[in-house]
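What follows is a set of notes on a single structure, which appears directly below.
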Amino acid sequence: MQLYNTLTRQKQSFAPIDPSHVRVYACGPTVYGRIHVGNARPIVVFDVLVRVLRRLYDRVTYVRNITDVDDKINERAATNGQSITDLCNETIASFHADTAALGAEPPDVEPRATHHIDEMIAMISLLIDKGHAYVADGHVLFQVSTMDNYGALSKRSIDDMIAGARVEVAPYKRAAEDFVLWKPSVPEQPGWDSPWGRGRPGWHIECSAMAKTYLGELFDIHAGGLDLIFPHHENEIAQSCCAHGTSHMANYWLHNGFVTMNDEKMSKSLGNIITVEEATSRYRPEVVRAALLSAHYRAPLDLSDSTMQDAHNSLDRLYRAAGTAEISDDRVDDEFLACLCDDLNTPAALARLHELARLANKRDQVAAIALKSSAALLGLLRQEGDVWAKGAGSVSGGDDKRLDDTAIDAEIAARNAARTARDFAKADAIRDALADAGIILEDGQDGTSWRRS
RNA sequence: GGCCCGGUGGCAGAGUGGUUAUGCAGCGGUUUGCAAAACCGUGUACAUCGGUUCAAUUCCGGUCCGGGCCUCCA
């Protein structure tokens with residue numbers, strides 16, 4: 001498998017450290033609110049990555065953390081007038097609902113930051129002992145200058161960063177680029193006892209500590225969004241490598257591009273977000289998943305109604321072609337798999353699915369099985385074709401004017417009676433009325449079938 | 001200011017040093033009572049200017065335009 005490695009800015013063939021056990025870490029959500037479609041992209045994309053890896057290797061451990069200690073959580077809990085614990089538990093539950101709706105399989109381990117405070121304290125102590133960190137004014141800071149190749153991932157030098165600094169430097173820092181490992185908490189803030197007093201961890205240390213705990217000092221793949229390259233992943237590398245005396249934290253660093261709205265990054269600070277909850281109620285969840293896979297994961301993906309409509313039409317065609325074919329793990333199409341093995345080229349893989357669909361539509365049952373089996377690797381076409389066709393949550397039209405299935409069957413019976421009587425005007429009137437209600441009829445050899453548009 | 005990444009046909013979106021991506025939309029046909037679906041056919045697309053080359057959308061350089069990171073952010 002070929003993967004684009006941010007560390008080398010090149011596509012490289014993937015060689016696991018231990019071929020009998022591939023280890024992957026992805027940065028998960030900070031749980032203070034529902035995730036939006038931009039947050040969902042790495043969930044879905046790296047879900048496909050792990051599915052492909054599981055197919056290629058006997059054992060894969062996929063870790064995706066949950067950040068449940070963060071000042072944004074504290075603020076949100078205060079705003080909502082609820083406890084931090086309640087806010088986190090509530091948000092985690094909705095996160096699980098959202099990821100399940102998108103068809104993402106749960107990770108093997110989903111560690112919570114607050115359950116790994118001891119590991120963080122141990123790692124911070126180690127960094128102090130090794131001279132990479134210092135205590136100042138109740139804080140513990142990582143001294144960036146003690147690391148030789150800091151900036152290797154983001155291709156950024158310390159000088160560049162100082163030149164571009166847009167933040168005021170906290171007075172207790174020895175250097176502007178130093179970052180916080182531990183900070184003091186006032187009584188009303190969450191905190192844990194530590195050698196440096198009661199406090200809480202900085203942003204980056206949790207990932208270093210949890211990755212070490214579950215995947216070891218060096219593992220295969222670390223994944224996340226493009227905006228995490230700097231400073232988050234850079235600082236994770238600094239912490240982990242300096243604590244463990246290793247040259248690398250992970251061998252491959254994968255970063256997904258952004259979801260945009262009108263070509264602008266979807267972000268909470270810009271306020272142009274659509275939550276997964278909103279998206280999956282306006283469109284079928286599988287359509288949202290397909291849309292997220294319709295562009296290459298490193299390219300920007302602009303979301304609009306037409307993106308969703310395209311994804312819907314595309315799935316419609318694939319579902320019809322797949323028919324009632326059964327999924328079989330050993331019938332995945334080779335060309336399709338080759339597309340995914342080429343740096344997760346999902347648009348090319350989808351194109352191959354359409355080629356299989358054309359063959360299947362020419363009554364090639366082998367192609368139909370390959371289509372359904374291959375699509376399953378993308379987490380698509382998992383429903384029965386009939387369930388999809390008649391499913392609710394269409395792209396256009398609300399449920400208010402929706403007809404129920406028995407009413408539709410009655411209309412179809414009436415229309416077929418008219419057709420038998422060769423009263424085509426009446427038959428067509430019934431069909432047009434159904435079409436207005438979003439019901440498309442198809443007269444086939446086995447009678448009339450219908451689907452929701 | 002520093003550092004990254006892009007600009008492909010009506011739209012979305014792959015890919016390639018010389019030959020069909022794919023889907024949607026459009027057009028023509030087959031089929032159908034008419035449709036729908038399906039199948040077949042159909043498009044002088046690769047920001048711009050130079051360079052390398054027998055040959056560049058594809059490699060190199062400049063220009064223009066767009067996006068991102070440098071602050072929480074997938």
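Note that this is a predicted model, so its numbers are computed, not measured.
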Query raised in the report: Heavy atoms under 4.0 Å, any strand shown: does A:Gly444 hit a base, just sugar-phosphate, or nothing?
Result: nothing
Requested in this report: Could you say whether the aromatic ring of A:Phe424 and the base of B:rG33 stack, counting only centre distances under 5.5 Å and plane angles under 30°?
Outcome: yes
Report task. On RNA chain B, check which nucleotide each of A:Ala425 and A:Lys11 is closest to and give me the residue with the more 5' one. Result -> A:Lys11
Query - Same-atom distance (P) from B:rG13 to B:rA47, integer angstrom - result: 15 Å
Query - Ring center gap for A:His296 and A:Tyr4 short of 6.0 angstrom - result: no
Query raised in the report: Hey, does A:Arg415 reach any base, or is it just sugar-phosphate, or nothing, if we go heavy atoms under 4.0 Å?
Result: base
Report task. Report yes if a side-chain nitrogen or oxygen of A:Asn313 is closer than 4.0 Å to either non-bridging phosphate oxygen (OP1 or OP2) of B:rG23; otherwise report no. Result -> no
Report task. Determine the interatomic distance between P on B:rG9 and the same-named atom on B:rC69; round to the nearest Å. Result -> 26 Å
Query - Short side-chain N/O contact from A:Lys155 to OP1 or OP2 of B:rC69, under 4.0 Å - result: no
Query raised in the report: Is A:Asp71 touching bases, backbone alone, or none of the nucleic acid, heavy atoms closer than 4.0 Å?
Result: nothing
Report task. Among the candidates B:rG33, B:rA38, B:rA36, find the nucleotide nearest to the side-chain atoms of A:Arg320. Result -> B:rA38
Query raised in the report: Roughly how far, to the nearest 0.5 Å, is the CD1 atom of A:Ile66 from the CZ atom of A:Arg112?
Result: 6.5 Å
**Report entry** A:Arg9 side chain, from C-beta outward: closest of B:rA14, B:rC5, B:rG68
**Finding:** B:rC5
